[in-house]
Amino acid sequence: MMVEVESILAQDISDEVARTIKVSALFDRYFDLPTIAKFSAGPYWRTADATQRATYQTAIRSVIIGTVVRNFDQLSEFKFTPSSSAAKGKKLVLVNGVFTPVNKEQPVIRVGWRVLTHNTELPRILDVEIENISMLVTQKQENMAIIRKNKGKFSVLIDVMKQRSESND
């Protein structure tokens with residue numbers, strides 16, 4: 001995946017539509033959206049109907065991709081070096097590495113991926129941790145706060161995600 005990211009960065013895509021297409025393809029190839037959506041919704045996932053689940057998956061995918069597209073250029077300032085990997089049970093592998101700044105003026109950033117390795121043709125990323133902060137856990141906490149604040153209505157979370165997605169455009 002990082003080879004593909006570096007290739008996209010090397011092309012210096014200033015066209016946001018083209019960049020969005022490339023980032024979307026990377027996300028779809030390497031990330032496990034169904035599991036990310038389910039986990040990030042917490043126990044409220046069980047209360048959602050099939051239509052709500054599908055709508056939420058589409059909305060959170062759009063939010064994630066929009067966030068990556070807006071911040072993608074920052075990766076060109078760093079070089080990724082893998083440092084370790086370790087199996088955690090039969091279904092999960094932790095892959096760690098560092099992003100080292102090219103110009104040496106910024107601090108090294110530790111990153112880890114939680115990679116699911118079961119029942120897939122290709123391992124899929126479930127979570128990204130940056131300096132030991134889980135993006136998935138952070139999203140779940142934020143989502144649950146939104147739902148709780150709105151009396152357990154999963155539909156409100158969908159609306160919030162759609163609004164964020166539209167603000168990305």
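All figures in this text were calculated on a predicted structure; none of them were measured in a lab. What you see below is based on every heavy atom in this structure, not just the backbone, and it leaves out hydrogens, waters and symmetry mates.
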- Are I133 and M144 joined in one hydrophobic group, where the rule is that I, L, V, M, F, W and Y side chains link up if heavy atoms are under 4.5 Å apart? yes

- Item | Single-linkage hydrophobic cluster, 4.5 Å side-chain cutoff, L122 and L92 together | yes

- Any Lys/Arg nitrogen of E129 or R110 sitting under 4.0 Å from an Asp/Glu carboxylate oxygen of the other? no

- Message: Determine whether a donor-acceptor pair (N or O, by modelled atom type, separation under 3.5 Å) exists between the side chain of N150 and the backbone of K153.
- Response: no

- Task: Using the six-membered ring wherever Trp is involved, compare the ring planes of F99 and F80 and label them parallel, tilted or perpendicular (cut-offs 30° and 60°).
- Result: tilted

- Please round to the nearest 0.5 Å and tell me the distance separating atom CZ of F78 and atom CD of Q106. 4.0 Å

- Enter the distance from L136:CG to I64:CD1 here, rounded to the nearest 0.5 Å. 8.5 Å

- Query: Does T138 reach the main-chain N or O of S134 with its side chain, forming a donor-acceptor pair under 3.5 Å?
  - Reply: yes

- Any link between I21 and L33 through a network of hydrophobic side chains (Ile, Leu, Val, Met, Phe, Trp, Tyr) touching at under 4.5 Å? no

- Item | Backbone N/O of S40 and side chain of N143: donor-acceptor pair under 3.5 Å | yes

- Task: Measure the shortest side-chain to side-chain distance between M161 and T55 over non-hydrogen atoms and say whether it is less than 4.5 angstrom.
- Result: no

- Hey, does the side chain of S62 reach the backbone of T58 with a donor-acceptor pair shorter than 3.5 angstrom? no

- Roughly how far apart are Y44 OH and K140 NZ, rounded to 0.5 Å? 11.0 Å

- Minimum-distance pair of heavy atoms, taken over all atoms of I158 and Q52: CD1-O, 3.5 Å

- Item | hydrophobic_cluster_shared for M2 and V108, side chain cutoff 4.5 Å | no

- Item | Cluster link V111 to V98, ILVMFWY, side chain under 4.5 Å | no

- Item | Min side-chain heavy-atom separation M1-I125 under 4.5 Å | yes

- Task: May I ask you to test the V68-F27 pair for a side-chain heavy-atom distance under 4.5 Å?
- Result: no

- Tell me, with the steps shown, if K22 and E4 meet salt bridge (Lys or Arg N to Asp or Glu O under 4.0 Å). CA-CA 9 Å; K22 289 186 179 283; E4 290 183 49; over 6 Å; no

- Query: Are any of the side-chain heavy atoms of K38 and R53 separated by less than 4.5 Å?
  - Reply: no

